[in-house]
Amino acid sequence: MTQAAMIDQDVLERVLAAAVRTGAEFAEVYAEDKRSSSIGLDDGKVEQVTSGRDRGAGIRVVKGDTTGFAHTADLTERGLLAAAEAAAAAASQGDGGTRTIALTRAGTRTVSPVERYPDDVRKADKVAVLQRIDGTARSVPKSQHGNIVQVSAGYADSRKHILVANTDGVFVTDEQVRTLLRMTVVADGDAGMQTGSQSAGHTMGFELIDKVDVEALARDAARIALTKLNARPAPSGALPVVIKKGSGGVLFHEACGHGLEADLVAKGGSVYRGKQGELVASPLVTLVDDGTMTGEWGAIGFDDEGHPSQYNVLIENGVLTDYMWDFLRARKEGRRQSGNGRRQSYQHLPMVRMTNTYVLNGAEDPDDIVRATDYGVYVAKLGGGSVNTASGDFVFGMTEAYLIEKGEITEPLREGNLIGNGPQVLRDIDLLGNDFAMGNPGTCGKDGQGVPVGDGQPTLRVKSLTIGGTAA
Amino acid sequence: MSGGEELLALAERVVAQALPGEQVEAFVSRDWETDIRVYEGEVEHFVSAQSEGIGIRVIRDGRTGFAYAGTLDADAIAEVLAEARDNVTFGTPDEFAALAEPDGVDVVEQELWSDALAACPTDRKIELAKELERMALAADGRVRIEDSNYADVAAELAVATTTGIRRSGRENGCYVSVGTLADDGEESHTGFGFSVGRSPDDFDLAKAAREAAERATRLIGAIKPQSRRTTVVFDPFVTAMLLGVVSSTLNGEAVAKGRSLFKDRVGDQVANPLVTLVDDPTNPLAYTATDLDGEGLAARRNVLIDGGVLQGFVHNSYSARRMQTRSTGNAVRGGFKGTPGVGCLALQLNPGTRTQAELVADVEDGILVQSVQGLHSGVNPISGDFSVGASGLSISGGQLGAPLREFTIASTLQRMLLDVVEVGGDVDWLPMRSAGVSLVIRDLTLSGA
């Protein structure tokens, strides 16, 4: 069923025609109407309930290699025409005559169905979820090394309608509903404070609360904080690292995901430029970027340029098969875009972005991977990371890690960064498990814009990574 | 600050609708931005945009509610006020929840508006980005350009409350930046250079171009160093990033909630006596100099660590009330979409007297760290664990040597402050909330080959 669009089709056609009147080859209207709510609980109190509304349109005009862009919060024809003129002026000077634009609206595409829209849920019910988290985490009994002293938790939901129309005739609308829970627990002991965090986020409505075990998440965050109270300093130097299923997708996001974004490749800013068809990873590795993965944090029906989301194989059995593409880069190369044109909001230009990026299953039993490791580090939970795509050097933080000694997981380790070089680490993956899982919801930052992304991977081993600890 | 009178009138109209027993705050802003990217001598994109919005906070019986909208339409504002009121119902009563009240501290006026920038024609802005691209290319034959940018923003804002705050102002500023690449076998190294100013007349394009070329080329042929404990000299840029992490341990809200590693340490020697750390947004040299904080109180100078002894923390009105003290004028606000938090506004380490070269000459074995990676992932300001990826130059016998990459340096924030050996005299007022200065710290763990 097609609902009424935010802007009427005849208005869009007139605005697009005005945008290309100065001779531009391409113009696009991206409109968005987003309602969001968030709740913060800290120190035992519901500190604040926030409601937000963001609504507006960004107009992009392309002439030659130049893109002009303007945005407005005024969705009337007058407001849109003013923005179209500003974008057209920014893209070019001169006069190009008149073009008629005919749009054909595409059917909607439901990648992630929603059971309970956030606006249909009472705020009191949202607040109650955070109180469950607080109560559960605080009731976790103290350990011999200390106890839980502080809990903070957050709930956030958003319902976003987008509309994309362009002079190529594309006209699509999409609805994206996301719900997120996060929590951080602080434990205090003789050796100072430690933290444990957990989160759950999906492209779905309030049914998230029924689909995840909220109490288990809270207990787990508390367990991590308590466990780390008697953690020893992490080793320093290069060691084998086993990364638990669902906790290390960020490694691929950083180690090679960004380097496979066509805009970075085109400017020679990626170590993977010119490597299509070459072996760039261990033959165990097949890496996919998949915007169609139902309910996952990076799932979308259409990308923010109106292209349907896709399942894209980036690396197959170690061989680089393709990069990720947005409209401009694909047009330049005379090929199809891949559904990876995304933007933070109507106030931003789209660029090549990941969606859900993950490594497919291998064959090993995860326990065997640990047993096969004489001395190394077992990473049960990773924090964020970052990469320099040109050199391939990346870091990521380990927020829950243990020592592996003689094939067994032993003592907990304090936090630290791991550092490696993307192409080298991809080649150094020597064991891949059969226990695939998606990881925590993430926000990927690029050029000042954040978009929701997912990642996942089975348990795996990298035969050598540099551990940034303080122990010899 | 002056300007923003129209927005102030709008904020006051909202506040006037407060019901008995309600505290209401309205924050209104409007900004204009230009963003130009040049690549290979052509404009790649040109963004011209205006945005505006309002955030309304309501407090009743110790409960807080908040709502915002990215528009100043009358209907939308009415909806925002109604939503904020509705949201109040769900908060937990907190005896300390209340809006800021005027505290009699005088505002130190700052020059935050440039007519020269407001009058700068578009052609000149484009030409500045093109010129910077040419200069960076000319600076070193090994360098390619990723992009060259010009950006400016002008903003008007106003805040009014039922507690008697009414402030408005306007501010503008601009910058140019260039991203560079230099090839090293199959890999490349990136660099960047920038220059900021109230107006384009303040730019130093030559310095931006030179630094961008140096940053891209200095790691050519870099090797991975051997793991060991060693002395580290931080470049001013890296020190400024480090101070950003230290500032979160001095945040009064973190202290009030038992989440700062310095919570019970006022009066203690927490750093080497060489360390005096001041937050001073009234210093006009600071990039983030301002006259007002996020709640509309006067920004002011606060000494946080004096001769290595912890003096206190920074507060907004909420954290101050909880700690039975006064706001230090450190409410920070990201815009109309949020309520004010607490943070340092313009941190500075009191400088020493010597140049970076003189500091390096005293180091027998060590590393000059020129960039760090992973401050958000490997540093925990609650436990103090510190571990970051880094690159730089080796120091041997007081001389700079081979370029180094793909290693980490680690310690704890607590130990690093005590292990400071010397603060340089080379203060650099970077476009961040902290000023840069060279800093020598001993006994960090280097993890590499």
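Residue numbering restarts at 1 for every chain, and letters A, B, ... go by the order of the sequence lines. In what follows, every heavy atom counts, from backbone to side chain, and hydrogens, waters and symmetry copies are set aside.
Contact count against chain A (heavy-atom pairs under 4.5 Å) is highest for B/Lys263 among B/Gln414, B/Lys263, B/Arg63, B/Glu40. The choice from B/Arg405, B/His189, B/Gln226 that makes the most heavy-atom pairs within less than 4.5 Å of chain A is B/Arg405. Between chain B and the options A/Pro423, A/Gly237, A/Ala238, A/Ser270, the largest number of non-hydrogen pairs under 4.5 Å is found for A/Gly237. Here B/Thr190 is the residue among B/Thr190, B/Ile409, B/Thr71 with the most heavy-atom pairs under 4.5 Å with chain A. Each of B/His45, B/Glu187, B/Glu406 has some count of heavy-atom pairs under 4.5 Å with chain A, and the biggest count is that of B/Glu406. Interface check for chain B: of the options A/Lys228, A/Arg60, A/Arg273, the most heavy-atom pairs under 4.5 Å are formed by A/Arg273. The most heavy-atom pairs under 4.5 Å with chain B, out of A/Ser386, A/Ala73, A/Ser391, A/Gly416, come from A/Ser391. When the candidates A/Gly392, A/Gly385, A/Gly269 are compared by the number of heavy-atom contacts under 4.5 Å with chain B, A/Gly385 comes out ahead.
Contact of A/Leu264 with chain B is made through the side chain alone, with heavy-atom distances under 4.5 Å. Proximity to chain B (any heavy atom under 4.5 Å) is shown, for A/Ile39, by neither the backbone nor the side chain. Proximity to chain A is limited to the backbone of B/Ser260, based on heavy atoms less than 4.5 angstrom apart. Neither the backbone nor the side chain of B/Arg415 comes within less than 4.5 Å of any heavy atom of chain A. Of the two parts of B/Ile382, the backbone and the side chain both hold a non-hydrogen atom closer than 4.5 Å to a non-hydrogen atom of chain A.
Pairing each heavy atom of B/Thr249 with each of B/Pro381, the nearest pair is CG2-O, 3.6 Å.
Under the 4.5 Å side-chain criterion, counting only non-hydrogen atoms from C-beta, B/Ser51 is not in contact with B/Trp32. Put simply, the side chain of A/Thr466 does not reach to within 4.5 Å of the side chain of A/Leu418, judged on heavy atoms. Using a 4.5 Å heavy-atom cutoff, the side chains of B/Val379 and B/Val388 are in contact.
Classification of B/Lys257 and A/Asp43 as a salt-bridged pair fails, no side-chain N sitting under 4.0 Å from a carboxylate O. Salt bridge present: A/Asp447 and B/Arg37 bring a charged side-chain N and a carboxylate O closer than 4.0 Å. Between B/Arg142 and B/Asp183, no side-chain nitrogen of the basic residue sits less than 4.0 Å from a carboxylate oxygen of the acidic one, so the salt-bridge criterion is not met.
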